[in-house]
Amino acid sequence: MVSKQKWTWDKIVLASRNEHKLREFQALFKRNFGIDVRGLNDVDGVGNIVEDGKTFEENAVKKAKSVANILNIPVVADDSGLTVDALGGAPGVYSARYAGEHGDDAANNRKLLHEMERVVAEERTATFVCALALILPDGEEIVVRGECPGRIAFRPRGTNGFGYDPLFELEGRSVTMAELSPQEKDQISHRAKAMQLLADELRRRFEFEGDETVRILIVSDNHGEEKVLSSVIRREVADHVIHCGDFCTDADALPNRERMTVVRGNCDFEAVKEEEIWEGGGYRFFVTHGHRYGIKSSLTSLLYRAEEVAADIVCFGHSHTPYCSAHGGCLFVNPGSVVQPRGYTVPTYAVLETGDEGGVDITYYTPGGELVPLGGTYSLKAKKPE
Ligand SMILES: O=P(O)(O)OP(=O)(O)OP(=O)(O)OC[C@H]1O[C@@H](n2cnc3c(O)ncnc32)[C@H](O)[C@@H]1O
Ligand SMILES: [Mg+2]
């Protein structure tokens with residue numbers, strides 16, 4: 001599992017001289033992270049970057065790297081364009097210079113309309129594509145792609161946006177991208193979609209100021225299947241892992257041991273405690289395997305124990321059956337077995353996320369990462385100050 005680093009930069013640079021893109025990025029980064037974005041007009045020493053990649057992604061990486069090489073802050077680059085089905089994907093990576101001169105939007109639009117002159121309405125489908133590359137100061141690259149489907153209009157409409165926006169009709173709607181308000185474009189555009197993917201990836205890796213949510217992975221009963229456990233822990237970038245026992249391997253070799261609360265199950269012979277209290281996200285977790293409380297026949301003993309130790313959330317395993325229910329303001333979570341389900345069709349684990357309103361969300365997944373229709377949102381006692 002990757003532990004989250006703190007995001008420490010209050011601004012990033014967009015490796016672009018396109019002021020329209022810059023404005024869209026400034027809005028998107030402000031909304032997602034409260035971070036400022038500067039364009040290349042604010043950075044000295046960056047020459048012309050030749051965009052000779054065969055794909056949007058290659059160009060985005062090239063642009064970002066050219067600038068990241070000379071700065072010590074994160075650099076993002078956008079390579080975007082329009083692909084038109086009737087034109088075999090053109091203008092594609094040549095979108096900015098389709099009519100010859102770089103960035104002549106009016107000439108590009110005229111040429112596009114000319115090329116599409118004989119194309120009937122049903123065959124005018126097209127896609128706006130945006131590839132984003134973010135290079136972090138340690139050289140790490142994140143590349144994502146967002147797409148927005150639509151069709152080429154017969155004449156330009158609207159005055160907002162830039163580039164091909166007046167000729168791009170949104171799928172299922174009769175408006176062009178240039179007829180949308182900037183706020184609406186920022187919700188649905190190819191750039192907004194790519195930005196959402198980038199934001200998801202950044203949140204998986206970094207903790208941002210103001211991020212209140214704590215994400216806890218709850219697993220149990222992997223019975224020696226170390227690979228399954230490792231792959232789940234690697235994928236679920238969690239702040240903490242709770243293992244409810246029956247791991248049946250060397251406890252010191254458990255993945256992410258330093259951020260794991262683990263208890264001994266009835267099949268474990270390791271020097272690991274049978275019960276643990278862990279406090280995090282404003283809640284007090286009581287972790288036990290559950291066999292000592294006879295949880296296969298009734299939860300009564302465990303309910304008493306939870307009250308005794310003043311738990312807000314009880315995590316247990318043993319039955320291999322997923323269970324999630326609140327009793328008297330205390331939440332009881334059995335993630336099920338991550339390898340051998342019983343009383344349920346698929347193996348499962350659970351992810352608990354705390355919200356700032358004193359509620360927690362429990363979501364169940366299969367080890368392959370598919371959602372399982374169990375869990376829900378539970379309103380617990382008021383969060384305790386940490
Ligand atoms: O390379 P940088 O400096 O970022 O700026 P650029 O304008 O050259 O940008 P690209 O190389 O990515 O070319 C993208 C072209 O695709 C078009 N395009 C990209 N995003 C668009 C959008 O949201 N709306 C309309 N047209 C867009 C527009 O014609 C752009 O000039
Ligand atoms: Mg360009």
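Both counts, for ligands and for their atoms, begin at 1 and track the order of listing.
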To atom 30 (C) of ligand 1, the nearest of Pro91, Ala15, Ala96, Ala60 on a heavy-atom basis is Ala96
Taking the inter-plane angle between the rings of Phe33 and Trp7 on a 0 to 90° scale, is it parallel (under 30°), tilted (30 to 60°) or perpendicular (over 60°)?
-> parallel
Would you kindly confirm whether Val84 and Met177 end up in one hydrophobic cluster when ILVMFWY residues are joined by side chain heavy atoms under 4.5 Å apart?
-> yes
Where ligand 1 meets Gly163 - atom numbers and elements under 4.0 angstrom, heavy-atom basis | 25 (C), 26 (N), 29 (O)
Mind checking whether Glu51 has an N or O less than 3.5 Å away from an N or O of ligand 1?
-> yes
Applying the 4.5 Å side-chain criterion to the ILVMFWY set and letting contacts propagate, would Val263 and Ile295 be lumped into a single cluster?
-> no
Give the numbers and elements of all ligand 1 atoms closer than 4.0 Å to a heavy atom of His190.
-> 20 (N), 21 (C), 22 (C), 23 (O)
By number and element, which atoms of ligand 1 are closer than 4.0 Å to a non-hydrogen atom of Asp79?
-> 10 (P), 11 (O), 12 (O)
A student checking ligand 1 against Arg17 at a 4.0 Å heavy-atom cut-off should list atoms 3 (O)
Heavy-atom proximity to atom 10 (P) of ligand 1, picking from Met177, Lys21, His102, Arg191, points to Lys21
Separation between CD of Glu276 and OG1 of Thr288, rounded to the nearest 0.5 Å = 10.5 Å
Which of these passes salt bridge (Lys or Arg N to Asp or Glu O under 4.0 Å) with Lys21: Asp79, Asp78, Asp186?
-> Asp78
Do any heavy atoms of Asp165 fall under 4.0 Å from ligand 1?
-> yes
Closest non-hydrogen protein atom to atom 23 (O) of ligand 1, residue and atom name please, with distance?
-> Lys185 NZ, 2.8 Å
What protein heavy atom is closest to atom 29 (O) of ligand 1, reported as residue, atom name and distance in Å?
-> Tyr164 CE1, 3.4 Å
Considering heavy atoms of the protein only, find what lies nearest to atom 21 (C) of ligand 1 and give residue, atom and distance to 0.1 Å.
-> Phe162 CZ, 3.4 Å
Out of Pro166, Ser80, Ser95, Cys148, whose heavy atom sits nearest atom 14 (C) of ligand 1?
-> Ser80
Verify whether one side chain among Tyr365 and Glu236 offers a donor that lies under 3.5 Å from an acceptor in the other.
-> no
Measuring from the heavy atoms of Tyr98, does anything fall under 4.0 Å of ligand 1?
-> no
Asp85 backbone acceptor or donor facing Thr125 side chain under 3.5 Å | no
Which protein non-hydrogen atom lies closest to atom 7 (O) of ligand 1, naming both residue and atom, and how far is it?
-> Asn18 ND2, 2.9 Å
What lies under 2.8 Å from the Mg ion (ligand 2), restricted to protein N/O/S atoms, is Glu51 OE1, Glu51 OE2
Would you check if the side chain of Asp361 reaches a backbone N or O of Glu353 as a donor-acceptor pair within less than 3.5 Å?
-> no
State yes or no: do Leu197 and Val61 share one hydrophobic cluster built from I, L, V, M, F, W and Y residues joined by side-chain heavy-atom distances below 4.5 Å, directly or via other members?
-> no
Nitrogen or oxygen of Glu24 less than 3.5 angstrom from that of ligand 1 = no
Is a salt bridge present between Glu51 and Lys63, judged by a nitrogen-to-oxygen distance below 4.0 Å?
-> yes
Ile188 with Ile152, same ILVMFWY side-chain cluster at under 4.5 Å = yes
Proximity flag Gly103 to ligand 1, non-hydrogen atoms under 4.0 Å = no
Same cluster or not: are Phe128 and Leu28 linked, directly or through other Ile, Leu, Val, Met, Phe, Trp or Tyr residues, by side-chain heavy atoms under 4.5 angstrom apart?
-> no
Side-chain donor/acceptor pairs under 3.5 Å, residues 244-254, sequence neighbours excluded:
| residue | atom | partner | partner atom | Å |
| --- | --- | --- | --- | --- |
| Asp246 | OD1 | Asn266 | N | 3.2 |
| Asp246 | OD1 | Cys267 | N | 2.8 |
| Asp246 | OD2 | His223 | NE2 | 3.4 |
| Asp246 | OD2 | His289 | NE2 | 3.3 |
| Asp250 | OD1 | Asp252 | N | 3.0 |

For atom 2 (P) of ligand 1, find the nearest protein heavy atom and state the residue, atom name and distance (0.1 Å precision).
-> Ser16 OG, 3.4 Å
Parallel, tilted or perpendicular: ring planes of His327 versus Phe332, cut at 30 and 60 degrees = perpendicular
His318 vs His291 aromatic rings, parallel, tilted or perpendicular, using cut-offs 30° and 60°?
-> tilted
Which residue supplies the protein heavy atom nearest to atom 1 (O) of ligand 1, what is that atom called, and how far is it?
-> Lys63 NZ, 2.6 Å
Element-labelled atoms of ligand 1 that are located less than 4.0 Å from some non-hydrogen atom of Phe128 | 24 (N), 25 (C), 26 (N), 27 (C)
